[in-house]
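Treat the numbers as computed from the prediction; the structure is a model and nothing was measured. If you read the sequence from its start, that first residue is 1, and numbering goes on from there.
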Amino acid sequence: MAFKLFLQPRTMADIYHEILKKYWGYDSFRPLQEDIIRSVAAGNDTLALMPTGGGKSITFQVPAMAKPGVCLVITPLIALMKDQVENLRTRGIKAYAIYTGMTHSEVELVLDNCTNDPNTKFLYCSPERLSSESFIARLKQMNINLLAIDESHCISQWGYDFRPAYLQIAKIRTLIPDVPVLAVTATATPVVVDDIQYRMGFKKKNVFRKSFERKNLVYLVREVDDKYRYMLRIMDNLKGSGIVYVRNRLKTKEIAEFLYNNNISADYYHAGLTTEVRDQKQNAWKSGETRVIVATNAFGMGIDKPDVRFVIHIDLPDTLEAYFQEAGRAGRDERQAFAILLYNKSDKTKLQQRTNQTFPPIEDIKHVYDCLGSFLQVPIGSGKDYSYNFDLSLFVKTYRLSILLVHSSLKLLQQCGYINYSEEVNNPARILFLVGRDDLYRYQVSNINEDNLIKAILRTTTGVFTEYRPIDENALARQLKCSRDIVYQLLIKLSRDKIVSYIPQNSLPQIMYTEERLPAKSLYFSPEQYLNRRTLYEQKINAVIEYATKFECRVQQLLRYFDSEGSKMCGTCDVCTHKHETDMSEYDFQEISELIKKSLTEEPTVPDLLPDIIHKPQEKVSRVVRWLLDNDIATQTDDKLLKMKTI
């Protein structure tokens with residue numbers, strides 16, 4: 001087993017490299033990974049800031065493998081949780097996950113394995129699980145060797161995706177005071193970096209930063225009226241696969257059909273599709289059968305396709321954090337790739353309108369909460385820690401509510417700690433054999449129809465005698481040359497006969513009450529939970545608008561937003577490429593253009609006077625002025641005064 005390496009007489013550095021080679025097949029770590037591992041191994045609370053695709057999971061998986069015990073990994077993303085567990089298992093590492101939608105018996109079996117099986121190395125769970133008293137009681141019995149926090153920006157109320165359940169992590173730390181914390185995130189502003197360390201109870205500040213700069217990634221912003229036609233031009237000029245991000249589900253299908261009708265192999269993807277359909281579409285894109293996937297932000301987490309050549313955003317994202325993460329899915333093979341944002345003037349208005357959609361009136365939120373309790377038949381004063389299937393389309397139809405209002409209200413209710421709303425629950429059918437092999441054989445002899453199904457399950461699925469394992473009823477039906485309904489009925493009979501425990505597939509979203517249901521009038525939204533977050537949201541929207549409209553090196557803007565190192569112009573984005581047309585050094589162009597902008601902002605000026613005003617050579621000033629006019633950044637009035645255009 002991996003933890004025996006800890007006992008062998010070699011240096012820890014040797015052990016980490018052996019683990020990396022044995023389980024992941026790599027000869028060396030990426031930059032910063034080993035430094036983070038050493039910090040954690042020394043018992044230091046550590047915050048690691050690494051861009052999307054930078055190898056964050058290695059930084060907690062390797063040190064956890066180097067010593068006895070279980071690494072507890074907190075992550076809010078069910079899809080990523082499942083993906084990482086399966087990835088570890090394919091490498092021969094025992095790992096489990098607990099997430100919304102699992103039955104009580106499934107959870108108990110996982111916890112038993114984490115408590116009693118010394119070969120178990122990883123337990124993944126959502127932050128909401130940390131508020132469960134039964135989970136805490138079982139946690140006390142485990143030998144936890146590391147606490148890893150993925151998407152750690154979610155603990156900060158200043159982050160773009162705050163989740164109050166993350167605040168429970170500080171309480172967990174009191175149960176395991178000697179266990180170090182490794183918090184990882186791909187997106188955090190300076191304020192959020194400090195807040196993460198404070199709220200997680202770091203003994204001292206300890207941050208490792210990998211530059212957010214991706215030198216192989218070319219950032220482009222194009223102001224165009226016909227985005228669809230421009231998108232076709234991009235795909236005609238760029239080879240390879242890509243992702244097109246849009247805001248709503250209907251547009252994913254519309255754009256995919258438009259591309260297909262224009263001879264581009266494309267498909268669409270969103271959270272409303274069944275697990276089987278989503279997996280099919282995702283796998284076709286990963287294998288290259290489909291060239292372009294048109295998707296909402298539900299697509300991308302946990303998907304490792306290194307050769308994505310372009311990511312196109314048709315709509316402006318809500319935050320630069322989201323944009324940076326989604327754009328970063330291009331070019332993970334370190335070859336040149338493109339992150340392209342398509343923008344027109346109406347987008348600014350649409351983005352600003354989202355504030356009212358994202359933060360509806362408090363009375364409307366209370367009404368949604370009240371309707372939710374009635375819809376799920378949860379009496380006032382009950383429901384805490386219970387999970388309910390939630391049919392969103394039926395809910396909005398029953399109560400005649402706007403789907404945008406419902407979605408925003410549920411998110412705010414979650415941020416305020418009243419519920420947990422999980423859209424991404426697409427749990428496959430699972431099965432656990434309840435009898436030993438001898439009893440199973442006797443049952444098979446006397447039940448011929450069930451015998452064929454049992455043999456098919458045992459041929460295709462491992463571990464079914466010790467834990468719940470996913471099964472595919474459609475695949476089983478194809479093997480047995482019968483209908484899916486026959487397979488389902490046989491599984492129900494096996495369950496009735498207590499041969500197996502069978503949990504049918506469930507693709508509905510889940511609502512979990514984190515507090516007992518209250519009368520709607522008793523809900524309280526503090527200024528921090530509502531007004532302050534609304535203001536923060538507006539600030540983030542303004543940052544996106546500035547990025548799209550300001551003619552400054554795109555990489556410089558992004559790095560400054562995240563307070564990352566690097567003040568040099570990238571030389572490859574659309575702004576830098578335009579600036580090269582002036583045949584001036586980057587430094588000269590930047591300095592002169594900023595001086596001109598400052599002067600014109602204060603007062604419009606006759607162009608010929610600018611060299612004297614800013615004390616720069618006439619020839620260079622004239623070149624920059626011409627560039628500003630050509631690119632519609634500056635304009636001249638009727639009386640020939642030069643002034644900056646307002647955004």
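Here CD1 of Ile503 is found 12.0 Å from CG of Leu491. Values are rounded to the nearest 0.5 Å. In this structure, NZ on Lys121 lies 9.0 Å from OH on Tyr23, to the nearest 0.5 angstrom. Atom CG in Leu175 sits 10.0 Å away from atom CD1 in Ile144 (nearest 0.5 Å). Between the CD1 atom in Ile293 and the OG1 atom in Thr252 there is a gap of 9.0 Å [rounded to 0.5 Å]. Summarising the geometry, atom CZ belonging to Arg291 is positioned 8.5 Å from atom OG belonging to Ser241; distances are rounded to the nearest 0.5 Å. Interatomic distance, Leu392 CG to Ile511 CD1, rounded to the nearest 0.5 Å: 9.0 Å.
Looking only at side-chain heavy atoms (C-beta outward), Arg30 and Ile58 stay at 4.5 Å or farther from each other. Side-chain contact between Ile155 and Leu167 is present, with heavy atoms from C-beta onward closer than 4.5 Å. A 4.5 Å side-chain heavy-atom check between Ile457 and Phe433 finds at least one atom pair inside the cut-off. Here the side chains of Leu182 and Ile149 are not in contact, with every heavy-atom distance at 4.5 Å or above. The closest side-chain heavy-atom distance from Glu128 to Met512 is below 4.5 Å. No side-chain heavy atom of Thr514 sits under 4.5 Å from any side-chain heavy atom of Lys384. The shortest side-chain heavy-atom distance between Cys125 and Leu72 falls under the 4.5 Å cut-off. Between Asp112 and Arg138, some side-chain heavy-atom pair lies under the 4.5 Å cut-off.
Around the OH atom of Tyr386, the shell of radius 6.0 Å holds no more than 12 heavy atoms that belong to other residues, nucleotides or ligands. In this structure, Gln280 places its CD atom where only 12 or fewer heavy-atom neighbours from other residues, nucleotides or ligands lie under 6.0 Å away. For OH of Tyr488, the number of neighbouring non-hydrogen atoms (other residues, nucleotides, ligands) closer than 6.0 Å is 12 at most. For Gln141, the CD atom is densely surrounded, since the number of other residues' heavy atoms within 6.0 Å is greater than 12. Taking a 6.0 Å sphere around NZ of Lys203, one finds it holds more than 12 heavy atoms contributed by other residues, nucleotides or ligands.
Considering all non-hydrogen atoms of both residues, Ile98 and Val110 come closest at CG1-CG1, 3.8 Å. Nearest heavy atom pair, residue Lys498 against residue Leu434, reads O-CB, 3.8 Å. Closest heavy-atom contact between Pro180 and Asn145: CD-O, 4.1 Å. The shortest non-hydrogen separation linking Tyr166 to Pro127 is CE1-CG, 3.5 Å. Minimum interatomic distance between Phe310 and Val292 (heavy atoms only, all atoms of both residues): CZ-CG2, 3.9 Å. Minimum heavy-atom separation, Tyr502 to Glu473: OH-OE2, 2.7 Å.
In this structure, Asp195 contributes its side chain and Ser156 its backbone to no donor-acceptor pair below 3.5 Å. Panel note: side chain Arg309, backbone Arg335; a donor-acceptor pair is recorded below 3.5 Å. When atom types are taken as modelled, the side chain of Arg214 and the backbone of Ala330 share a donor-acceptor pair closer than 3.5 angstrom. Between the side chain of Glu467 and the backbone N or O of Gly463 there is no donor-acceptor pair closer than 3.5 Å. A donor-acceptor contact shorter than 3.5 Å is absent between the side chain of Thr75 and the backbone of Asp150. Judged by distance alone, the side chain of Ser39 and the main-chain N or O of Asp35 form no donor-acceptor pair under 3.5 Å. Within the 3.5 Å criterion, the main-chain N or O of Thr462 finds a donor-acceptor partner in the side chain of Arg469. Between the side chain of Asp267 and the backbone N or O of Lys281, no donor-acceptor pair lies under 3.5 Å. A donor-acceptor pair is defined here as one N or O able to donate and one able to accept, closer than 3.5 Å; such a pair exists between the side chain of Thr174 and the backbone of Lys171. The closest donor-acceptor contact from the side chain of Arg173 to the backbone of Met200 lies under 3.5 Å.
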Test Phe208 against Leu49 for side chain to side chain contact (heavy atoms under 4.5 Å, CB included), laying out the working first. CA-CA 6 Å; Phe208 288 82; Leu49 304 178; over 6 Å; no
Yes or no on side chain to side chain contact (heavy atoms under 4.5 Å, CB included) for Thr46 and Thr59, after CA distance, side-chain angles and deciding distance? CA-CA 11 Å; Thr46 306; Thr59 62; over 6 Å; no
Take Glu334 and Arg332 through the test side chain to side chain contact (heavy atoms under 4.5 Å, CB included) and record every step on the way to the result. CA-CA 5 Å; Glu334 299 186 359; Arg332 292 189 183 180; over 6 Å; no
List the steps and the verdict of side chain to side chain contact (heavy atoms under 4.5 Å, CB included) for Val85 and Tyr96. CA-CA 6 Å; Val85 166; Tyr96 297 94; 5.7 Å; no
Asp45 and Lys204: CA distance, side-chain angles, deciding distance, salt bridge (Lys or Arg N to Asp or Glu O under 4.0 Å) verdict: CA-CA 8 Å; Asp45 295 335; Lys204 61 180 180 180; over 6 Å; no
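Ring centroid separation for the pair Tyr245 and Phe299 does not come in under the 6.0 Å cut-off.
Between the side chains of Tyr468 and Ser105, at least one donor-acceptor pair of N or O atoms lies under 3.5 Å. Between the side chains of Gln510 and Asn389, a donor-acceptor pair is found at a separation under 3.5 Å. Side-chain atoms of Asn87 and Arg91 form a donor-acceptor pair, as typed in the model, at a separation below 3.5 Å. For the residue pair Tyr124 and Gln84, a side-chain donor N or O sits within less than 3.5 Å of a side-chain acceptor on the partner.
The residues Asp497 and Lys493 are annotated as salt-bridged, a charged nitrogen and a carboxylate oxygen being separated by less than 4.0 angstrom. Using a 4.0 Å cut-off between a side-chain N of Lys or Arg and a carboxylate O of Asp or Glu, Glu86 and Lys82 do not qualify as a salt bridge.
Tested against Thr185, the residues Glu151, Lys56, His153 include a single side chain to side chain donor-acceptor pair (under 3.5 Å) partner, His153.
For the ring pair (Phe, Tyr, Trp, His ring centres under 6.0 Å) test, residues two or more places apart in sequence or in another chain that qualify with Tyr323 are His313, Tyr547.
Between His17 and Phe29, the ring planes are perpendicular. Angles over 60° get that label, and only those under 30° would be called parallel.
At least one test fails for Lys94 against the ring of Phe122: distance under 6.0 Å to the centre or angle within 45° of the axis.
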